[in-house]
Amino acid sequence: MPIKKVDPKVDFIAMEHKVLDFWEENDIFAKRVKANEGKPRWSFLDGPITANNPMGVHHAWGRTLKDMYQRYKAMDGHELRYQNGFDCQGLWVEIEVEKELGFTSKRDVEEFGIEKFVDLCKKRVHKYSKIQTEQSKRLGYWMDWDNSYYTMSDENNYTIWAFLKKLFNNGKVYRGTDVVPWSGRSGTSYSQMEIIEGRKLVAHDAVFVRFPLNNRENEYLLVWTTTPWTLTSNVAAAVNVNLDYVCISAADGSKYYFAKENLKVQRLDKQFKEKKNWIDGVPKLKTIEQIFKEHGGFTEERTLKGSEMVGWEYEGPFDHFQAQHEPGGFPFKKKNLESQGIRGVDCHRVIDGGKDDIGNDIVVAGEGTGIVHIAPGCGDIDNKIGKKLGLVDIAPLDDESKYIEGFDWLTGKLATDESTKNEIIQDLKDRQILVYVEQYPHVYPHCWRSGDELVFRIVDEWYINMDWRDKIKSIVDDIEWKPAWGKEREHEWLDNMGDWMISKKRFWGLALPIWTFEDKSFYVVGSKEELKELAVEGWGEFEGNSPHRPWIDKVKIRHPETGLIGTRIKDVGNPWLDAGIVPFSTMGYISDKEYWEKWFPADFITECFPGQFRNWFYSLLAMSALLEEKAPFKTLLGHALVKDETGRDMHKSWGNAIWFDEAAEKMGVDVMRWMYAVQNVEHNLRFGYPHANEVRKKIITLWNTYSFFATYAALDGFTPEANGLDKQELSLLDKWVLSKLHTLISDARTHFDQYQADKFIRKVERFLDDLSNWYIRRNRRRFWKSEDDGDKQAAYYTLYEVLLNMAKILSPLLPFITETIYQNIVRNVDKNAFESVHLCNYPEANSKWIDEKLVSQVDALKHVVELGRSSRNKANLKIRQPLATLAFVTKDDEIAAFIHEHQDVILDELNVKKIERTSKSTDLIDYEIKPNLPAIGQLYGKDVPVIRKKVIEADPISIVKALKTNGEYSLKLGDKIINLTTDLVLVEMISKEGYTAAEGDGLTVGLTTELDESLRREGLVRDIIRQVQILRKEAGFAVEDRIHVFTKFPEDILKSIEDFKEYFCNETLTVGLHKEYQSGEFFKDITVRGTTFPIGLKREITD
RNA sequence: GGCGGAGUAGCUCAGUUGGUGAGAGCAGCGGUAUAAUAAUCCGCGUGUCGGGGGUUCGAGUCCCUCAUCGGCUACCA
């Protein structure tokens, strides 16, 4: 069967669906996999996509890169695993399921039943992993979709157990009682990695309050806080011992202590003025001075050092609450303090704030009052100070962020509620503790999923001691980071990270394999088998279920050494453990070590950069460093983010989001893939329809070259034979385009091997331009002509070779259009050919086709045409106006000869009558001599400006002569003589003024602008021809229709037409030229060179 | 607050180890072509290369400084 004719008006979207069906029906993917069995392995590791929502256009970027490089490696002859991954466990899924169920708190889940809830989470993951699978297929993403890994799988979870077990054996797992950021809405704490995601700028009601000092009548500490709810749990007040403090006396006689500097400090002044990190509507902050002035004025009493205040006792703001009177603290008790009977109220004194780990003062002047309210149960730093100084902890909130018993009227109220806060402020006001309230804008941590404001609570959490970070850092350098700065970023994170909090007080996630015992010891179980061995209770209920809550919670174990019976902690794990373990779990680290050794480490991973340095990359590196002390992947390609077309984030609520499905069906996925692949990975991608249209133009160009070929190939019944190209008598342009093609093939391999698809695509763009706007345009007639000679065959074979190889080299990038082309031009002709372009081998450049000299000669020829067009433009002489002579200048005799040899191209393209080389430099051009500054600079340094001046001022002709005869040109510089050799001067030719000329790349082209009568008339006729052609088109005549033309030509035009009557009639298919106007079938006024006259057309009746 | 960045045409961005009058794509304008869909090609730019200072024979490029915009990071109590 021959090649089929192709409609140039293709519907790309429909075509893509056809190709998808074709792959599906014929198992093309499976055939590719089979073909590559046993070939050298190339290991790609997929970072799991969160299977919680449909896939977005931002995911499609990474997935395009993943698919493209995998397709390339497959065609290049490698065995691949093709395993996609879904991230399944974690809070993000829980939150969505809660939303569906209308839940508002963790308690709702417990009442609903953990088992049912966890089942719904699993269902959600299954639902969206299916949707994402279908979307990915639509994108053309080739994966072994039935073999996707799920991070919730038993294998994945148990492999994490093995990891934790190893850490446990090394003594790196510990339980910490710390104050951590906590979401009452989600009922869990957050790790260092997570709170970074959820920081938001908000305005809080900040309060100035006063703590009355004991034994100092009417004297107060002035304290400031943005979290009034923590005042209930105040234990102490910290100062900076080295700072100056001031005592002022207010209008009512009461005295206040605070940092002296703060009296006049304009807090957040810069932020307010620049409206940067500022919230609209929040008034400017007042200085403390201003606040007191507005309260009736004040006088400064004295200045003192902070150290003088240390030890002063005061009365706390909520000392009437029971919690303040519990020995040892509340509800957590410090044993030693409890035995001494020390209560919250007993700790109320001024303390030295001290320094933090890096040696900075904890208490500073500036934002607050220089006296910091310390609540060791409500803040991280407060807690550390409390531990150091032996203060009790008062922790007021339960896991929903509500006040617990012991806090009087606040018990049961939600700390983050606006109303609670208002009640507290009102209470402080009523009891005359409040001095002033203001709105204070600052960045505060929020729950990254629910948006809930975080509070700080004391909780038991589980940590990995990361004191072995050097082990991780050492493998970072074994990885090739693309872009290279990724390495530094990763090191930076590793240097600064703290211990890894791995526990989460939730339901759906990795069941941390930690069992605790009554003697406060704990034990980490490393495998399902070990669990079975140690189980003393609940195994029967657990067996057959996945290692998740609630089933796992039933199993109790006997401690292998102490024999005590232990219960599993209720916590689930940090989800980055789930994703970090995949180089082990998915490759059978435990179950099939032989397989694992084949595929580990991965050759390549590619993911979106932001965030992953502390998330996936981190967990991958950490887990691999511990388990194998080896980098888990060799090359990492990171890419930036997808934004909307103006550079803003895409948001559902802003209405600027583009959904994947919509984009795929409107733009087409070949277009999308091109956009993604050509994007510089370091820059954010501005995704939008205008951008897509630019890309579509390029794909259309490819399509049109193909449809041009296919149309004529079908007409002529062209059927390529094997090695047919070798037998052809190729034209110059055939060889030229084939040379460019093979260079492009070579570049394709180079750039794909280096994961630089963008560079490859830029070259494809240039090649397409050469192909379409030079090769095809110049050679069109060879395909049209009626005789089927060798020349025509050569043209067919050449274009066939180009299109076939283009289809192959572009197939990883544009899998659909290339498949369509391949099916027609290859499979239609040869049923024994590979069934799909994607089953072909990636082409190899054949050096026998690469002829750089010829390419440069043809490029020069092309350049002459471009320069000629440029000259015409400058002189405002359109192509239709024939000109007598084109003259060109070049130093290169070979090029000159070449241009002469192929002058027909130039005559045709530029509509000139003859062409000649001018060696008389004075005709067309002047020489311009320029000093070669980099070279001269190195030799003569400071003399450069003088030399430059002299060279420029010298007579160019004499320099050229001197160089030609002596090989150097000498000039005097004071008493020095400087010899400028050829390499120190640049000789350039420039067009002389007054000529229509252009120059570049060592070529100069000029056109004679003078028109004789004959040229002028010919031009005039061509103008008329053009107008008539337009009329024919407007009239809707067929291209082959013969016509009669009716008009009364103005005299000048009439003479011209008569001179070139035959030419005119041939071009316009005119059989009758009538000198009287008649409207005919179609008529219109036309304007030629300023003269307007009506013209009428009528078709010749042929039958 | 700390640490990298960035700034070049109306818009998006290139500009090698400092070297001669600073570039591309898009948009606009003029012309032009028909294998080419939202479709071709050619031509058209007085850019304080963010401001200022310095190093150098020479700075978009190196150094300092000021203002601007983003990123990462931080326990702003």
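Every chain is numbered from 1 and lettered A, B, ... according to where its sequence line falls, protein lines coming before strand lines. Both backbone and side-chain heavy atoms feed into the values below; hydrogens, waters and symmetry mates do not.
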Tell me whether the OP1 or OP2 atom of [N] has a side-chain N or O from [X] closer than 4.0 Å.
{"X": "R777(A)", "N": "A36(B)", "result": "no"}
{"X": "T226(A)", "N": "A77(B)", "result": "yes"}
{"X": "H204(A)", "N": "C76(B)", "result": "no"}

Residue mapping more 5' on RNA chain B - nearest nucleotide basis, N773(A) or F708(A):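 Counting from the 5' end, the first nearest nucleotide belongs to F708(A).
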Mapping I700(A) and N684(A) to their closest nucleotides on RNA chain B, which lands nearer the 5' end?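 First, find each residue's nearest nucleotide; the 5'-ward one identifies N684(A).
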In whole angstroms, how far is the [atom2] atom of [N] from the [atom1] atom of [X]?
{"X": "M501(A)", "N": "C75(B)", "atom1": "CE", "atom2": "C1'", "value": "15 Å"}
{"X": "K759(A)", "N": "A24(B)", "atom1": "NZ", "atom2": "P", "value": "20 Å"}
{"X": "K698(A)", "N": "G25(B)", "atom1": "NZ", "atom2": "P", "value": "9 Å"}
{"X": "Y712(A)", "N": "A35(B)", "atom1": "OH", "atom2": "C1'", "value": "7 Å"}
{"X": "Y444(A)", "N": "A74(B)", "atom1": "OH", "atom2": "P", "value": "16 Å"}
{"X": "E765(A)", "N": "A36(B)", "atom1": "CD", "atom2": "P", "value": "22 Å"}
{"X": "N693(A)", "N": "A27(B)", "atom1": "CG", "atom2": "P", "value": "10 Å"}
{"X": "R686(A)", "N": "C13(B)", "atom1": "CZ", "atom2": "C1'", "value": "10 Å"}

Among [options], which nucleotide sits nearest the side chain of [X]?
{"X": "K697(A)", "options": "G25(B), C76(B), A27(B)", "result": "A27(B)"}
{"X": "T227(A)", "options": "G25(B), A77(B), A36(B)", "result": "A77(B)"}
{"X": "V364(A)", "options": "A36(B), C72(B), A77(B)", "result": "A77(B)"}
{"X": "E492(A)", "options": "C72(B), C41(B), A35(B)", "result": "C72(B)"}
{"X": "S772(A)", "options": "C26(B), A36(B), C41(B)", "result": "A36(B)"}
{"X": "R696(A)", "options": "A38(B), A35(B), C26(B)", "result": "A38(B)"}
{"X": "H683(A)", "options": "A35(B), C41(B), C13(B)", "result": "C13(B)"}
{"X": "Y440(A)", "options": "C76(B), C72(B), A36(B)", "result": "C76(B)"}

Qualifying residue for side-chain contact (heavy atoms from CB on, under 4.5 Å) with I776(A), from V802(A), N704(A), T705(A): T705(A)
Looking at R686(A) and D644(A), is any side-chain nitrogen of the basic one under 4.0 Å from a carboxylate oxygen of the acidic one? no
Between E490(A) and K487(A), does at least one N-O distance fall below 4.0 Å, as a salt bridge requires?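 No.
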How would you label the contact of [X] with the nucleic acid (heavy atoms, under 4.0 Å): base, sugar-phosphate, or nothing?
{"X": "V10(A)", "value": "base"}
{"X": "W224(A)", "value": "base"}
{"X": "I362(A)", "value": "base"}
{"X": "G379(A)", "value": "nothing"}

Under a 3.5 Å limit on both distances, the Watson-Crick or wobble mate of A24(B) is U12(B)
Closest non-hydrogen atom pair between I825(A) and F709(A), with its separation: CG2-CE2, 3.8 Å
hbond_proxy S707(A) side chain to A36(B) base (donor-acceptor, 3.5 Å cutoff): no
Any N/O donor-acceptor pair, T705(A) side-chain to A36(B) base, under 3.5 Å: no
Aromatic plane relationship, F613(A) with F609(A) - under 30° parallel, 30 to 60° tilted, over 60° perpendicular: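 Ring orientation, 0 to 90° scale: parallel.
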Might you work through the side-chain contact (heavy atoms from CB on, under 4.5 Å) test for N383(A) and I458(A), ending with a clear yes or no? CA-CA 9 Å; N383(A) 193 260; I458(A) 299 187; 3.9 Å; yes
Syn or anti: how is G60(B) classified when any glycosidic angle within 90° of 0 counts as syn?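 It is anti.
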If you round to the nearest 0.5 Å, how far is CD of E461(A) from CH2 of W182(A)?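 CD of E461(A) is found 6.5 Å from CH2 of W182(A).
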